[in-house]
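These notes concern the structure reproduced below.
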Protein chains: 2
Amino acid sequence: MDLWKRFGEKEVSHSMAHYLQAVASLKTEKGHARVGDIATHLGVSKSGVTSMLRSLQTRGLISHEKYGCVELTVSGQRLAERTESSRLVITRFLTEILGVSEAIASEDACMIEHLVSPEVSVELLRLTSFLRSEHPAARALLQAYRATPHECTDHSPDACAVCQTSCLRDSLVRDIGDSAERTGV
Amino acid sequence: MDLWKRFGEKEVSHSMAHYLQAVASLKTEKGHARVGDIATHLGVSKSGVTSMLRSLQTRGLISHEKYGCVELTVSGQRLAERTESSRLVITRFLTEILGVSEAIASEDACMIEHLVSPEVSVELLRLTSFLRSEHPAARALLQAYRATPHECTDHSPDACAVCQTSCLRDSLVRDIGDSAERTGV
DNA sequence: CTCGCCAGTTAAGCTACCTCAACAATCTTG
DNA sequence: CAAGATTGTTGAGGTAGCTTAACTGGCGAG
């Protein structure tokens, strides 16, 4: 299967998603988004911004005339909002339900926000809301969940409800040090 | 914050992760991985494979000599295993806990498998295992969760445990049609 | 042995995204 | 209303990852 090739065919790339978010946040923050603001906000050169704006304009996500301010089109606005919502949902799920540190949650959310389908984001929101609610089943679950040890003592096939032929955990935990180092934790 | 720039600084790119996985799966499938096999497996040209192999060799993830078979190094093998484990964990969480369709789950997992930190993957595995286990709190929660309506009726600030100033759901659901179309659902 | 085929490589070219350096437009201010 | 600072654009150049086209290494059949 060459599902993997769709990565390059996403409606927007990682960079584009962040340009759109930058424009959106500058607009709400200071009322307008200019090339220099975007460049500063994203930590890239102004020339990089100019050429990216051209590309975003071609895709109908922004409008921008020479030396003017940048405006999001309706679809650009939608995309920016959706990406931002995904980011928030993912971050909250990672920190509040999975109990991952803020640093790692923010980094992971930033990496995947634009790649997660709305279907998944909306379900993730639903699960997070439910688990954070006052519903007795949710409270009971979280309490029981927090109480069980982190270590899966028995990871033989079929003992764990997720692993099958081999223990998935083993290949994950051994890399945890490496990634913590990068994040500066 | 320019967290977003780390996207390009990941140990491996999306493509690289899939090349490594292709080599690993060909090795277990037919005992060896050759350029042509990899090209077929990934649906790219042989010349593309040759140049990617050069790049992976430079990074110490594979070894490959001219006209020979491709071998994963220890770090290449670790990376391939970790990516594959993440993919499995994510897929199972999306289908079995969130209840998303196989098609969407596979696509999303394929997009993000290499971007999710091992910390998050391992916690996701733990949650999924727990929820799929026989633990009474898990059974009760899933039952209650499945029974609650999909619609969040009250999304005013503070009513929902996740949304704050505005309803995150609104910006997500309106895009669901668009993405289903792409996936061919 | 050599001809031909297949696997693999090199070369050139494309798109995306970035950089720096030079230039052009606009704004500010005396 | 010009001088100079600020802001934005253009252009050339680099890396990553792909493509196609042309070339080469290795090997079996006659």
For every nucleotide of nucleotides 14-23 of chain C, 5' to 3': is a protein heavy atom under 4.0 Å from its base (B), only from its sugar-phosphate (S), or from neither (-)? ---SSBBB--
Within 45 degrees of the axis of the six-membered ring of Y145(A) and under 6.0 Å from its centre: does R126(B) put its NZ or CZ there? yes
Between protein and nucleic acid, restricted to nucleotides 1-6 of chain D and to nitrogen or oxygen atoms under 3.5 Å apart, what atom pairs and distances do you find?
none

Residues two or more places apart in sequence or in another chain: which of them pass ring-ring contact (aromatic ring centres under 6.0 Å, His included) with H14(B)? F7(A), H18(B), H114(B)
Nearest whole Å is fine: how far is dT15(D) P from F7(B) CZ? 21 Å
Counting only side-chain N and O atoms of R54(B), is one of them less than 4.0 Å from OP1 or OP2 of dT10(C)? yes
Whole Å only: how far is the CD atom of E65(B) from the P atom of dT9(C)? 11 Å
Please list, chain by chain and in numerical order, all residues satisfying ring-ring contact (aromatic ring centres under 6.0 Å, His included) with H32(A), sequence neighbours excluded. none
Tell me, which pairs form a salt bridge (charged side-chain N to carboxylate O under 4.0 Å, His left out) where one or both residues lie in residues 135-149 of chain A, sequence neighbours left out? E134(A)-R139(A)
With sequence neighbours excluded, residues passing salt bridge (Lys or Arg N to Asp or Glu O under 4.0 Å) with R78(A): D175(B), D178(B)
What salt bridge (charged side-chain N to carboxylate O under 4.0 Å, His left out) pairs are there with at least one residue in residues 50-71 of chain A, not counting sequence neighbours? K27(A)-E71(A)
Would the F93(B) and F130(B) ring centres measure less than 6.0 Å apart? no
Quick check on dG8(C): is either OP1 or OP2 less than 4.0 Å from any side-chain nitrogen or oxygen of R34(B)? yes
Sequence-distant partners of S85(B), side chain to side chain donor-acceptor pair (under 3.5 Å), two or more places apart: S171(A)
Give me the bend of the helix from dC1(C)-dG30(D) to dG30(C)-dC1(D), using the axes of the five pairs at each end, rounded to 10°. 10°
Please work out if H64(B) contacts a base, only the sugar-phosphate, or nothing of the nucleic acid, heavy-atom cut-off 4.0 Å. sugar-phosphate
Nearest 0.5 Å, please: how far is CD1 in I97(A) from CG in L127(A)? 6.5 Å
Can any side-chain N or O of S121(B) pair as donor or acceptor with the backbone N or O of P118(B) at less than 3.5 Å? no
Measuring from L142(A):CG to L131(A):CG, what's the distance to the nearest 0.5 Å? 5.5 Å
Could you list the residues that satisfy side-chain contact (heavy atoms from CB on, under 4.5 Å) with S47(A), not counting sequence neighbours? S45(A)
Could you pull out the protein-nucleic contacts involving nucleotides 22-28 of chain D (nitrogen or oxygen on both sides, under 3.5 Å)?
residue : atom : partner : partner atom : Å
dG25(D) : O4'  : Y67(B)  : OH           : 3.2

Partner residues of T73(B) under the side chain to side chain donor-acceptor pair (under 3.5 Å) criterion, sequence neighbours left out: S75(B)
